[in-house]
Amino acid sequence: LKYESGDLLSIIPENSSQKRLYSIAKIDKNIVLSIKKHEFGMCSKQLNNLNKNDMISASIKPNKEFHLPKETREVIMISNGTGIAPFLGIINDENNSKTKKYLFWGGRTKESYQLYSDLIDKAFYKQNLSGLYISFSKEENHKKYVQNSIMEKSDLVSRVLKNRGFIMICGSIAMRNGVLETLENISNSELNAPLNMSLIKTDCY
C-alpha cells in the first residue's frame, strides 16, 4: 500500500457502520497511530483490547492536503494530544531532511509526553527536527497552552510566514480555533498583514 504521514486509516468498529478516521504516521514503513481511549469510544476500546498479532480490517484514505509540502524550506507543526501522530512520521522521514521543522505540542501532563519522547529524541539525533516547544495544561504551577508557546515564539512564526513557509495544525477543533486566532494576531502585529491562509494546512476533529 502507498501512503504518507498525514493520510488517514479508516476503521469500522464492531457493531457499527460508521468509519473512524485516524491520522497516520509512517515510520520505518510501519503505520503508527496515536489514539486516546474514550470511555464510550467503540473503536478506541476495541483497539485497546487487541493483542500483538491480532488482525483488524482497515483501509487507507489519502489526505493529500495534509502532506508535508514539497520544496518548502521551513514548516511549523502545531498539535495537541494525539494530533501529534502525523508529525511524528514527518520528523522521522529522512527524505525531507532539507526542510527545517519546528514542533509545537500541547498535552495535559509531563507523563503524556513520555509516550512520544523516544521518537522525538530520534528525530533530534538525526537532525531532522530544528525546534521543540511543549506546553502542559494540567501541571500545577506550569499550566500552559500551545497558543502560549506560539506567542512566545512569535519571531519564529512571523519569519516562517514572511518567507512563505507552511504551518500545519492537527488536533482538536478547539485548539485549531485558538491557534488560528493567535496566528492572526502575530501576522497583524508583526507583518502588518492578515494571516495568509494559503500557507495553513489543518486536519482537526
Side-chain angles (χ1 to χ4, degrees), residues 1-9 22-36 60-107 110-136 144 146-171 175-176 179 182-183 186 196 198-204:
L1 294 174
K2 291 184 178 181
Y3 61 93
E4 294 183 28
S5 295
D7 286 335
L8 303 167
L9 190 70
Y22 298 102
S23 295
I24 289 173
K26 183 180 182 180
I27 302 176
D28 298 329
K29 297 183 180 180
N30 291 316
I31 290 176
V32 178
L33 307 176
S34 179
I35 301 172
K36 180 179 179 179
I60 302 288
K61 182 179 179 182
N63 190 20
K64 295 181 180 180
E65 294 301 314
F66 202 69
H67 292 169
L68 179 71
K70 299 188 186 305
E71 307 302 327
T72 186
R73 294 183 178 181
E74 291 185 297
V75 62
I76 291 175
M77 299 168 289
I78 302 170
S79 63
N80 69 330
T82 58
I84 195 174
F87 300 145
L88 294 175
I90 290 172
I91 65 175
N92 280 286
D93 184 353
E94 296 180 13
N95 293 324
N96 59 42
S97 59
K98 292 182 180 180
T99 302
K100 285 189 175 182
K101 293 172 282 293
Y102 308 92
L103 177 61
F104 289 81
W105 180 75
K110 293 179 180 178
E111 184 181 11
S112 57
Y113 172 70
Q114 297 307 312
L115 293 167
Y116 314 111
S117 60
D118 286 348
L119 288 170
I120 291 173
D121 290 346
K122 182 179 176 182
F124 267 124
Y125 178 76
K126 292 183 176 181
Q127 297 183 330
N128 207 18
L129 182 61
S130 298
L132 174 66
Y133 313 99
I134 304 175
S135 53
F136 301 109
K144 187 177 177 181
V146 69
Q147 296 95 310
N148 303 128
S149 295
I150 294 169
M151 278 303 303
E152 290 173 1
K153 300 301 294 184
S154 61
D155 55 338
L156 167 65
V157 174
S158 59
R159 188 194 76 222
V160 171
L161 288 171
K162 182 178 180 180
N163 294 333
R164 297 193 63 80
F166 282 84
I167 295 179
M168 302 176 71
I169 306 171
C170 186
M175 180 275 299
R176 178 201 65 189
V179 164
T182 302
L183 294 175
I186 291 173
N196 185 348
S198 68
L199 300 176
I200 310 296
K201 292 177 172 286
T202 66
D203 182 20
C204 298

Asker: Please confirm whether the backbone N or O of G6 pairs with a side-chain atom of N63, one donor and one acceptor, at under 3.5 Å?
Answerer: yes
Asker: Among residues at least two apart in sequence or on other chains, which ones pass side-chain contact (heavy atoms from CB on, under 4.5 Å) with S135?
Answerer: K144, V146, S149
Asker: Check P69 against T72 and note the closest heavy-atom contact, atom names and distance.
Answerer: O-CG2, 3.2 Å
Asker: In Å, rounded to the nearest 0.5 Å, how long is the span from CD1 of I120 to CD of Q114?
Answerer: 9.5 Å
Asker: Going by the salt bridge (Lys or Arg N to Asp or Glu O under 4.0 Å) test, which pairs reach into residues 83-102, not counting sequence neighbours?
Answerer: E94-K126
Asker: Looking at residues at least two apart in the chain, or sitting in another chain, which of them share a ring-ring contact (aromatic ring centres under 6.0 Å, His included) with F136?
Answerer: none
Asker: Out of curiosity, Y133 OH to I76 CD1, how far, rounded to the nearest 0.5 Å?
Answerer: 8.0 Å
Asker: Any chance you could lay out the side chain to side chain contact (heavy atoms under 4.5 Å, CB included) test for L119 and N92, step after step, and finish with the verdict?
Answerer: CA-CA 7 Å; L119 288 170; N92 280 286; 4.0 Å; yes
Asker: Considering residues at least two apart in sequence or located in another chain, which fulfil the side-chain contact (heavy atoms from CB on, under 4.5 Å) criterion with T182?
Answerer: Q147, I150, M151, I186
Asker: Give every donor-acceptor pair under 3.5 Å between a side-chain atom in residues 79-91 and any protein atom, sequence neighbours left out.
Answerer:
{"unit_1": "N80", "atom_1": "OD1", "unit_2": "S172", "atom_2": "N", "d": "3.1"}
{"unit_1": "N80", "atom_1": "ND2", "unit_2": "S172", "atom_2": "OG", "d": "3.2"}
{"unit_1": "T82", "atom_1": "OG1", "unit_2": "Y205", "atom_2": "OH", "d": "3.3"}

Asker: Under the rule for side-chain hydrogen bond (donor to acceptor under 3.5 Å, both in side chains), what residues qualify as partners of S23, not counting sequence neighbours?
Answerer: D203
Asker: Rounded at 0.5 Å granularity, tell me how far NZ in K26 sits from CG in D28.
Answerer: 10.5 Å
Asker: Could you work out, with side-chain hydrogen bond (donor to acceptor under 3.5 Å, both in side chains) as the rule, every residue matching N196, not counting sequence neighbours?
Answerer: S198
Asker: For the atom pair CG (D118) and NZ (K122), what is the distance rounded to the nearest 0.5 Å?
Answerer: 10.0 Å
Asker: About how many Å separate CH2 of W105 and SG of C170, when rounded to the nearest 0.5 Å?
Answerer: 13.0 Å
Asker: Verify side chain to side chain contact (heavy atoms under 4.5 Å, CB included) between M77 and L68, making sure each step is shown before the conclusion.
Answerer: CA-CA 10 Å; M77 299 168 289; L68 179 71; 5.7 Å; no
Asker: Can you tell me which residue pairs pass the salt bridge (Lys or Arg N to Asp or Glu O under 4.0 Å) test with a partner in residues 62-71, sequence neighbours excluded?
Answerer: none
Asker: Could you tell me the separation between the CD1 atom of I78 and the NZ atom of K201, rounded to the nearest 0.5 Å?
Answerer: 14.5 Å
Asker: Name each donor-acceptor pair under 3.5 Å that joins a side chain in residues 157-169 to protein atoms two or more places apart or in another chain, with its distance.
Answerer:
{"unit_1": "S158", "atom_1": "OG", "unit_2": "S154", "atom_2": "O", "d": "2.9"}
{"unit_1": "S158", "atom_1": "OG", "unit_2": "D155", "atom_2": "O", "d": "3.0"}
{"unit_1": "S158", "atom_1": "OG", "unit_2": "E190", "atom_2": "OE1", "d": "3.0"}
{"unit_1": "R159", "atom_1": "NH2", "unit_2": "E74", "atom_2": "OE2", "d": "2.3"}
{"unit_1": "R159", "atom_1": "NH2", "unit_2": "Y102", "atom_2": "OH", "d": "3.1"}
{"unit_1": "N163", "atom_1": "ND2", "unit_2": "R159", "atom_2": "O", "d": "3.3"}

Asker: Who pairs with S112 by side-chain hydrogen bond (donor to acceptor under 3.5 Å, both in side chains), at least two apart in sequence or on another chain?
Answerer: none
Asker: Among residues at least two apart in sequence or on other chains, which ones pass side-chain contact (heavy atoms from CB on, under 4.5 Å) with L33?
Answerer: L9, Y22, I24, I31, I35
Asker: Return yes when atom CD of E111 has more than 12 non-hydrogen atoms of other residues, nucleotides or ligands closer than 6.0 Å, and no otherwise.
Answerer: no
Asker: Under the rule for side-chain hydrogen bond (donor to acceptor under 3.5 Å, both in side chains), what residues qualify as partners of K61, not counting sequence neighbours?
Answerer: none
